[in-house]
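Before any comments, here is the structure.
Start at 1 and go down the list; that is how both ligands and their atoms are numbered. Because only heavy atoms are used, hydrogens play no part in the values below, and waters and symmetry mates are left out as well, while side chains stay in.
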Amino acid sequence: MMKKYLKYIGIGLAVFLIVAQFFPIDKTNPPADMTKDFISMTNPSAQIAEHIKVACYDCHSHHTKYPWYTDVAPISWWIKGHMDNGVKHLNFSKWGEYSQKKKDHKLDECIDFVEKNWMPLLTYKIAHPESKLTDDERADLILFFKSLKGK
Ligand code: HEC
């Protein structure tokens, strides 16, 4: 009896996984105006620029890179959800469009989230070990964010 159910569950799952592949995610990056880009505008050291690109830009800019597993549904849907949600809250490609007040507020949040180690997201750090910043690297990043406030 139990075996029969398991067989149906297995078939159902297989059908779901096959059908899911017909719904790929949209991987087009919207155009990015580099004159409004956070790194272009704030001109950090090469090292800090690299950290921000590696640790934040996949979810908070129009420069998202899509690794092979973003071709595999339903994982791809879940990852795309993080990207869409991330860029909605903070878009480094549209930094130049933010008012001074909004910039300062986003910088405060960046400082807070990096201090608490909430960003980059844990699952992202597991998939991208290079995005894991050391305590010293995080401290440098925080200092940089702080230096931009009010400017
Ligand atoms: C894997 C994707 C991902 C990466 C990488 C990532 N974030 Fe996020 N980030 C998100 C998501 C998703 C949210 C929205 C969280 C929520 O819904 O509360 C968010 C929210 C934020 C917020 C809050 C904005 C707001 O208005 O609430 C800040 C600030 C932030 N991220 C900064 C960073 C910084 C700085 C980095 C790099 C050190 C980074 N994030 C890396 C996905 C990411």
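With hydrogens and angles ignored, the 3.5 Å screen pairs no side-chain donor or acceptor of Ser76 with any backbone N or O of Ile25.
Classified by interplanar angle (parallel below 30°, tilted 30° to 60°, perpendicular above 60°), the ring pair Phe144/Phe38 is perpendicular. Using bins of under 30°, 30° to 60° and over 60° for the plane-to-plane angle, the ring pair Phe145/Phe92 lands in the parallel bin.
Salt bridge status for Asp84 with Lys88: absent, with no side-chain N to carboxylate O gap under 4.0 Å. Using a 4.0 Å cut-off between charged nitrogen and carboxylate oxygen, Asp135 and Arg138 count as a salt-bridge pair.
When hydrogens are left out, the protein atom nearest atom 26 (O) of ligand 1 is Lys106 NZ, 2.6 Å; that is the closest non-hydrogen contact. Annotation: atom 37 (C) of ligand 1 to nearest protein heavy atom, Cys56 SG, 1.9 Å. Nearest non-hydrogen protein atom to atom 20 (C) of ligand 1 is Met119 CE, 3.5 Å. Of all protein heavy atoms, the one closest to atom 12 (C) of ligand 1 is His82 O, 3.4 Å. Among all non-hydrogen protein atoms, the one lying nearest atom 5 (C) of ligand 1 is Ala55 O, 3.2 Å. The shortest contact between atom 14 (C) of ligand 1 and any protein heavy atom is with His89 ND1, 3.6 Å. The protein heavy atom nearest to atom 23 (C) of ligand 1 is Phe113 CE2, 3.5 Å.
Inclusion of Asn85 in the set of residues having an N or O under 3.5 Å from an N or O of ligand 1 is warranted. Annotation: Glu109 places an N or O atom under 3.5 Å from an N or O atom of ligand 1; distance criterion only.
Distances from atom 11 (C) of ligand 1 to the heavy atoms of Cys110, Gly86, Ala127, Cys59 show the closest one on Gly86.
In this structure, atom 9 (N) of ligand 1 has protein heavy atoms in its sub-4.0 angstrom surroundings. In this structure, atom 33 (C) of ligand 1 has a protein heavy-atom contact shorter than 4.0 Å.
Side-chain N/O atoms of His62 and Asp33 include no donor and acceptor closer than 3.5 Å.
Backbone or side-chain N, O or S atoms of His60 reach atom 8 (Fe) of ligand 1 at under 2.8 Å.
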Applying side-chain contact (heavy atoms from CB on, under 4.5 Å) to Glu97 and Asn91, what does each step give before you reach the verdict? CA-CA 10 Å; Glu97 291 176 17; Asn91 189 342; over 6 Å; no

Are Asp26 and Lys80 close enough, and set up right, to give a salt bridge (charged side-chain N to carboxylate O under 4.0 Å, His left out), and what steps lead you there? CA-CA 8 Å; Asp26 179 5; Lys80 183 72 180 166; 5.4 Å; no

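Within the structure, the closest approach of Leu90 to ligand 1 falls below 4.0 Å when heavy atoms are considered.
Atom-to-atom distance recorded for Met41:CE and Tyr98:OH is 11.5 Å, nearest 0.5 angstrom.
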